[in-house]
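Quick notes on the structure that follows.
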Amino acid sequence: MDEIIARSNLYALLSRILLQELDVERLEILRSDETVLEFMPHWRDWEPRKGTEAQKLLEEYLNPDFTNLSLLHLVPYETFYTRPDQMIETGGANPVTDIYSAYDFLVDYEVARVVSSDHIGIEMEFMHHLCEAQLKAFEESDHEAVQELINVQHNFLNSHLLKWAPMYLINMKYESRTPLYYDTAEMALEFILSDNETLSALVAA
């Protein structure tokens, strides 16, 4: 159970960082949470993290970096990487639409402020949603549902995130201007690869 909770929390954290600019409340968590700082050594050791007032840190460092990485220079959408014409599929033909619907996952576009449901932050949030469903099934001793959800997570990683996210994250890592987004890219890449190994072992068991 602890492993499911840890996976769920990590997907939620990555989703939030990759989806939108940070607010002061989220920033303060990232500045002080020891577990987060363990995963993000460059961010942990960065001097402006320690002494800069939160709003200034957001306005002068972090939000411009997020805009650069997510809106200006890089494209965080699956279909940009997987379609031959590099167009973002914003309609019902998007490859993630059916699986989201099948597992009662709704994208609130107004809150998320994304143009399509295959944004990397939304796909990470869907993995968080599946982990939460797996945890609920585990608590209810519904072993059949647990196994189904493991299979779905494994399939989603291999059919979607792993097909394109590594390219985006590698580019994000080298385009980043702040340690927060550098470490986020590195952590996200390492996590989805290791999580796939974990899930592959469970599927094969």
Side-chain angles (χ1 to χ4, degrees), residues 1-20 22-23 25-46 49 62 66 76 78 96 99-100 102-107 112 119-166 168-170 172-173 176 179-205:
M1 184 184 288
D2 288 346
E3 183 181 22
I4 304 170
I5 294 170
R7 292 177 57 245
S8 180
N9 289 343
L10 200 42
Y11 275 118
L13 173 67
L14 291 169
S15 170
R16 177 61 188 85
I17 296 173
L18 293 166
L19 196 54
Q20 293 177 344
L22 297 173
D23 53 26
E25 182 183 358
R26 185 66 57 178
L27 173 59
E28 293 300 350
I29 292 170
L30 293 175
R31 289 217 283 192
S32 59
D33 188 292
E34 290 301 326
T35 304
V36 170
L37 295 175
E38 236 179 85
F39 280 115
M40 297 183 164
H42 300 93
W43 167 244
R44 179 193 63 213
D45 297 338
W46 191 44
R49 176 193 71 80
L62 300 179
F66 177 86
E78 176 180 339
V96 296
I99 190 165
Y100 286 178
Y103 289 90
D104 300 321
F105 180 72
L106 299 175
V107 179
H119 186 284
I120 188 169
I122 298 292
E123 293 196 2
M124 292 276 190
E125 187 180 341
F126 180 60
M127 287 295 291
H128 164 69
H129 174 78
L130 294 174
C131 287
E132 289 296 291
Q134 181 190 349
L135 181 61
K136 184 172 184 290
F138 183 86
E139 289 170 341
E140 294 172 353
S141 300
D142 188 342
H143 303 299
E144 187 176 334
V146 168
Q147 191 58 50
E148 179 195 344
L149 287 158
I150 288 169
N151 293 340
V152 172
Q153 290 169 65
H154 183 254
N155 181 63
F156 187 78
L157 270 180
N158 284 276
S159 300
H160 297 283
L161 271 168
L162 287 175
K163 279 192 169 180
W164 72 279
Y168 173 74
L169 293 168
I170 288 167
M172 177 183 167
K173 180 177 171 180
S176 62
L180 175 67
Y181 289 104
Y182 180 95
D183 281 356
T184 296
E186 189 164 64
M187 178 171 69
L189 181 57
E190 289 177 1
F191 175 59
I192 60 174
L193 292 173
S194 67
D195 198 40
N196 185 53
E197 287 185 15
T198 299
L199 291 168
S200 295
L202 292 170
V203 167

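Interatomic distance, CG of Asp33 versus CD of Glu38, reported as 9.5 Å (0.5 Å rounding). In this structure, CD1 on Ile192 lies 13.5 Å from NE2 on His160, to the nearest 0.5 angstrom. The distance from the CZ atom of Arg7 to the CD atom of Gln153 is 4.5 Å, given to the nearest 0.5 Å. Rounding to the nearest 0.5 Å gives a distance of 10.5 Å between CG of Leu169 and CE of Met187. Taken from CG in Leu37 to OG in Ser32, the straight-line distance is 7.5 Å, to the nearest 0.5 Å. Atoms CG and OH, from Leu18 and Tyr181 in turn, are 8.5 Å apart once rounded to the nearest 0.5 Å.
None of Glu123, Met124, His129 except one satisfies the side chain to side chain contact (heavy atoms under 4.5 Å, CB included) rule with Phe126; the exception is His129.
In this structure the side chain of Leu161 reaches within 4.5 angstrom of the side chain of Ile120, judged on heavy atoms. When side chains are defined from C-beta on, His154 does not count as touching Asn151, because their heavy atoms never get closer than 4.5 Å. Residues Ile17 and Leu30 have side chains in contact (heavy-atom distance under 4.5 Å, counting atoms from C-beta outward). Using a 4.5 Å cut-off on side-chain heavy atoms (C-beta onward), Gln134 and Val152 make no contact.
Listed for the Ser15 side chain is no donor-acceptor partner under 3.5 Å among the backbone atoms of Tyr11. No donor-acceptor pair closer than 3.5 Å links the side chain of Ser8 to the backbone N or O of Ile4. Ser159 places no side-chain N or O within 3.5 Å of a backbone atom of Phe156 that could act as its donor or acceptor partner.
A pairwise comparison of heavy atoms in Trp164 and Pro76 identifies CH2-O, 3.4 Å as the closest pair. Heavy atoms only, all atoms of each residue included: Ala137 and Leu149 are closest at CB-CD1, 4.4 Å. Across every non-hydrogen atom of Asp183 and Pro41, the tightest pair is OD2-N, 3.3 Å. Residues Leu22 and Arg16 approach most closely at CA-NH2, 3.9 Å, considering heavy atoms. Here the shortest heavy-atom pairing between Met40 and Leu180 reads SD-CD1, 3.9 Å.
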What's the verdict on side-chain contact (heavy atoms from CB on, under 4.5 Å) for Ile5 and Asn9, showing C-alpha distance, side-chain angles and the deciding distance?
-> CA-CA 6 Å; Ile5 294 170; Asn9 289 343; 3.6 Å; yes
Test log, rule side-chain contact (heavy atoms from CB on, under 4.5 Å), inputs Leu10 and Asp195 = CA-CA 11 Å; Leu10 200 42; Asp195 198 40; over 6 Å; no
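Ionic pairing of Arg31 and Glu28 is present here: one or more N-O contacts between side-chain nitrogen and carboxylate oxygen are shorter than 4.0 angstrom.
Around CZ of Phe191, the count of heavy atoms belonging to other residues, nucleotides or ligands within 6.0 Å exceeds 12.
A perpendicular orientation is assigned to the rings of Phe105 and Tyr100, their planes being inclined by more than 60° (bins at 30° and 60°).
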